[in-house]
Amino acid sequence: MPTQALAGLPAVWSADCLRHDPAGEVWLGVWEAGTEVPERASVLLDAVTQAGAVKTDATSHDTSALVAVHDPELIEHLATVWDQWRAGGYERDYGRTRVVPYVFPTPGLLGDLPMRSPAATHGRAGRFCYDTMTLVGPGSWEAIKAAADAALTAADLVAAGTRTAYALCRPPGHHTTKSAYGGSCYLNNAAIAAEALCASGAGRVAVIDIDAHHGNGTQAIFYDRPDVYYGSLHVDPGAGWFPHYAGYADERGTGDGAGANRNLPLAPGTADDDWLAAVGTLCADVRERRAGAVVVSLGVDAAAGDPESPLQVSADGYRRAGELIGALGPVVVVQEGGYDLPTLGGLVVAALTGLLAGA
Ligand code: SP5
Ligand code: ZN
């Protein structure tokens, strides 16, 4: 029997990641079926273990690793809002089966007024959430915490000398900022892993984000940091795509972090050659900065068949991107998006195969 492509690769996960069921998304005012479904995690686990990856249970980490990246109030909100929603009778009395915000305390609303914590749970629901697509229900917090634990466990492995580790995180994370969640993301798993690598003494850390969408959360978390580079290629928000308000090429970092952020927005329809050239540009940045470790935000929603993006990358494109990134150094791979269930597993196996081959 030939050696399997992912033989020996740790695939860190937790069964708790299946417990988050957003049950759809409210998009443009209408509740519809969502694409960030629990089955994504089981499809991915099956695919990577059949390719030889070693299923590795996430270990529970202290909240100190979470507050190193996030506002403690965001964490407390995510951990408690579902219980408050249920206790408030929204489901029983009004048939509201998930937490969906409806008032958002934007800077334009508040002006110079202090942020307050509204008395009503349905008022508080918008305090830390910036869209209507990222619902919270029973089991959500257990999955959110487990996804962060998977990223931290993979970071622990790499800090201890493992060259490549894969964190099968669900829900994904790269759209969540220090204190605001959205885009089907709750805690920023990749940023939590990057911060843990910094704390472990890895030196300069680089995050390379190849999800189809700009990782506005990761960018925001590290925007003023010279020690954590963030580079992303993604469908151009200026062409009308989520997250709409971030991901433009002139966002280069601020203060001491000036120059340590790079966005490469791509036209809808971009396919392998131009997409891989952009991956190469980010890899050149990382080499120049001599990063001691790399975190890859691996979304495979840039693939041609994905329902959430107009990019046209092939499985072989993902394999070649993996080769380029794998050559840079130790890598923690964090799962982000990717929504076409029939092709999802093959795409992630292709990317991971390239990462191991390039190492
Ligand atoms: C982690 C990640 O990939 N998040 C992507 C979130 C992008 N969601 C944008 C949703 C736009 C509405 N989708 C409509 C699909 C038809 N139901
Ligand atoms: Zn995405």
Side-chain angles (χ1 to χ4, degrees), residues 17 20 22-41 43-44 100 129-136 140 143-144 147-148 150-151 167-177 180-193 207-221 230-237 239-247 263-266 268 270 275 278 295-313 318 321 333-341 343-344 347-348 351:
C17 286
H20 169 56
E25 60 184 36
V26 177
W27 190 56
L28 310 187
V30 176
W31 192 308
E32 55 183 44
T35 49
E36 206 294 286
V37 294
E39 197 182 354
R40 295 179 62 245
V43 163
L44 287 170
V100 187
C129 183
Y130 60 77
D131 66 34
T132 63
M133 312 183 299
T134 309
L135 312 190
V136 174
S140 291
I144 293 162
L168 203 175
C169 298
R170 176 188 180 269
H174 72 152
H175 294 304
T176 295
T177 70
Y181 72 95
S184 301
C185 299
Y186 302 84
L187 294 179
N188 193 318
N189 308 308
I192 289 165
V207 181
I208 297 182
D209 189 331
I210 63 172
D211 186 278
H213 304 97
H214 178 245
N216 59 293
T218 316
Q219 167 173 297
I221 287 164
Y230 176 75
S232 177
L233 64 163
H234 46 266
V235 62
D236 186 359
W241 291 84
F242 187 89
H244 301 287
Y245 294 92
N263 289 325
L264 300 174
L266 303 171
T270 295
W275 188 79
V295 174
V296 181
S297 268
L298 175 61
V300 292
D301 44 3
D306 195 276
E308 294 288 354
S309 114
L311 300 178
Q312 297 289 324
V313 177
Y318 271 103
V333 186
V334 174
Q335 184 66 47
E336 302 284 0
Y339 305 100
D340 181 46
L341 293 173
T343 58
L344 183 56
L347 290 162
V348 168

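Positions are given from 1 along the sequence. Just so you know, ligand 1 is whichever comes first in the structure, and atom 1 is the first atom listed for that ligand.
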Engineer: Using heavy atoms and a 4.0 Å limit, tell me yes or no: is Ser184 in contact with ligand 1?
Structural biologist: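 Checking ligand 1 against Ser184, which is what was asked, there is no heavy-atom contact under 4.0 Å.
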Engineer: Which of the numbered atoms in ligand 1 are below 4.0 angstrom from a heavy atom of Asp301?
Structural biologist: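 Numbered from 1, ligand 1 contributes 3 (O).
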Engineer: Taking the side chain as every heavy atom from C-beta outward, state whether Glu36 and Cys185 have any atom pair closer than 4.5 Å.
Structural biologist: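 No - every pair of side-chain heavy atoms lies 4.5 Å or more apart.
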Engineer: Anything under 30° is parallel, anything over 60° is perpendicular, the rest tilted; go ahead and classify Tyr130 against Phe242.
Structural biologist: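 Ring orientation of Tyr130 relative to Phe242: parallel.
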Engineer: Rounded to the nearest 0.5 Å, what separates atom CG in Leu233 from atom CG in Leu266?
Structural biologist: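 Between atom CG of Leu233 and atom CG of Leu266 there are 5.5 Å.
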Engineer: Under 4.0 Å from a heavy atom of Pro172: give me the atoms of ligand 1 that qualify, with their elements.
Structural biologist: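 Selected atoms, number and element: 1 (C).
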Engineer: Can you measure from CD (Glu308) to OG1 (Thr35) and round to the nearest 0.5 angstrom?
Structural biologist: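 One finds 3.5 Å between CD of Glu308 and OG1 of Thr35.
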Engineer: If I consider every N, O or S atom in Asp301, which one ends up closest to the Zn ion (ligand 2)? I only need its name.
Structural biologist: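 Of all N, O or S atoms in Asp301, the Zn ion (ligand 2) lies closest to OD2.
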Engineer: Are Asp340 and Thr343 close enough that a side-chain donor and a side-chain acceptor fall under 3.5 Å?
Structural biologist: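 Indeed, the side chains of Asp340 and Thr343 share at least one donor-acceptor pair under 3.5 Å.
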Engineer: Let me confirm one number: the CD-CH2 distance from Glu32 to Trp27, rounded to the nearest 0.5 Å.
Structural biologist: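 The CH2 atom of Trp27 is 6.5 Å from CD of Glu32, to the nearest 0.5 Å.
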Engineer: Quick one: are Leu264 and Trp275 in side-chain contact, heavy atoms under 4.5 Å?
Structural biologist: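 Of all side-chain heavy-atom pairs linking Trp275 with Leu264, none is under 4.5 Å.
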Engineer: Side chain, backbone, both or neither: which applies to Asp211 and ligand 1 if a contact is any heavy-atom pair less than 4.0 Å apart?
Structural biologist: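 Just the side chain.
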Engineer: Using the side chain to side chain donor-acceptor pair (under 3.5 Å) rule, pick out the option among His174, His234, His175, Gln219 that qualifies with His214.
Structural biologist: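 Only one option passes, and that is Gln219.
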Engineer: Can you name the N, O or S atom of His213 that is closest to the Zn ion (ligand 2)?
Structural biologist: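 The closest N, O or S atom of His213 to the Zn ion (ligand 2) is ND1.
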Engineer: In the structure I gave you, are the side-chain heavy atoms of Tyr339 and Val300 within less than 4.5 Å of one another anywhere?
Structural biologist: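 Heavy-atom side-chain distance check fails, nothing below 4.5 Å.
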Engineer: Closest non-hydrogen protein atom to atom 11 (C) of ligand 1, residue and atom name please, with distance?
Structural biologist: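 Protein heavy atom at minimum distance: Trp27 NE1, 3.5 Å.
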Engineer: Within the structure provided, determine whether Val296 and Val334 are in side-chain contact (heavy-atom separation under 4.5 Å).
Structural biologist: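 The answer is no, as the side chains (C-beta and beyond) never meet within the 4.5 Å cut-off.
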Engineer: Closer than 2.8 Å to the Zn ion (ligand 2): does that hold for any N, O or S atom in His174?
Structural biologist: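 For His174, the answer is no, given that no N, O or S atom comes within less than 2.8 Å of the Zn ion (ligand 2).
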Engineer: Using 2.8 Å as the threshold, say whether any N, O or S atom from Asp211 sits that close to the Zn ion (ligand 2).
Structural biologist: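 Coordinating: yes.
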Engineer: If you measure from atom 8 (N) of ligand 1 to every heavy atom of Glu25, His234, Met133, His244, which option wins on shortest distance?
Structural biologist: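 The option holding the nearest heavy atom is Met133.
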Engineer: Identify the protein heavy atom lying closest to atom 1 (C) of ligand 1, giving its residue, its atom name and the separation to 0.1 Å.
Structural biologist: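 Closest protein heavy atom to atom 1 (C) of ligand 1: Tyr339 OH, 3.2 Å.
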Engineer: Nearest protein heavy atom to atom 15 (C) of ligand 1, by residue and atom, and its distance?
Structural biologist: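 It is Glu308 OE2, 3.8 Å.
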Engineer: So, Glu336 and the Zn ion (ligand 2): N/O/S under 2.8 Å, yes or no?
Structural biologist: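 Under 2.8 Å: Glu336 has no N, O or S contact with the Zn ion (ligand 2).
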Engineer: Output the list of atoms in ligand 1 that are nearer than 4.0 Å to some heavy atom of Gly337, sorted by atom number.
Structural biologist: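 Listed by number with element, the hits are 3 (O).
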Engineer: For Glu336, which part has a heavy atom under 4.0 Å from ligand 1: side chain, backbone, both, or neither?
Structural biologist: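 Neither; nothing of Glu336 gets under 4.0 Å from ligand 1.
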Engineer: When you measure from atom 4 (N) of ligand 1 to every protein heavy atom, which one gives the shortest distance, and what is it?
Structural biologist: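 Of every protein heavy atom, Gly183 O, 3.1 Å lies nearest to atom 4 (N) of ligand 1.
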Engineer: Taking the side chain as every heavy atom from C-beta outward, state whether Tyr186 and Val136 have any atom pair closer than 4.5 Å.
Structural biologist: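 They are in side-chain contact.
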Engineer: Rounded to the nearest 0.5 Å, how far does CG of Asn188 lie from OG1 of Thr176?
Structural biologist: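 One gets 6.0 Å once the value is rounded to the nearest 0.5 Å.
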Engineer: I'd like to check which ligand 1 atoms, numbered from 1 as shown, lie under 4.0 Å from a non-hydrogen atom of His174.
Structural biologist: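 In order of number, 1 (C).
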Engineer: For ligand 1, which part of His175 has a heavy atom less than 4.0 Å away: the side chain, the backbone, both, or neither?
Structural biologist: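 Only the side chain of His175 comes within reach of ligand 1.
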Engineer: Give me the residue, atom name and distance of the protein heavy atom closest to atom 7 (C) of ligand 1.
Structural biologist: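 Going by distance alone, atom 7 (C) of ligand 1 is nearest to Phe242 CD2, 3.7 Å.
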Engineer: If the contact criterion is a heavy-atom separation under 4.0 Å, does Glu32 count as touching ligand 1?
Structural biologist: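 Under 4.0 Å: yes for Glu32.
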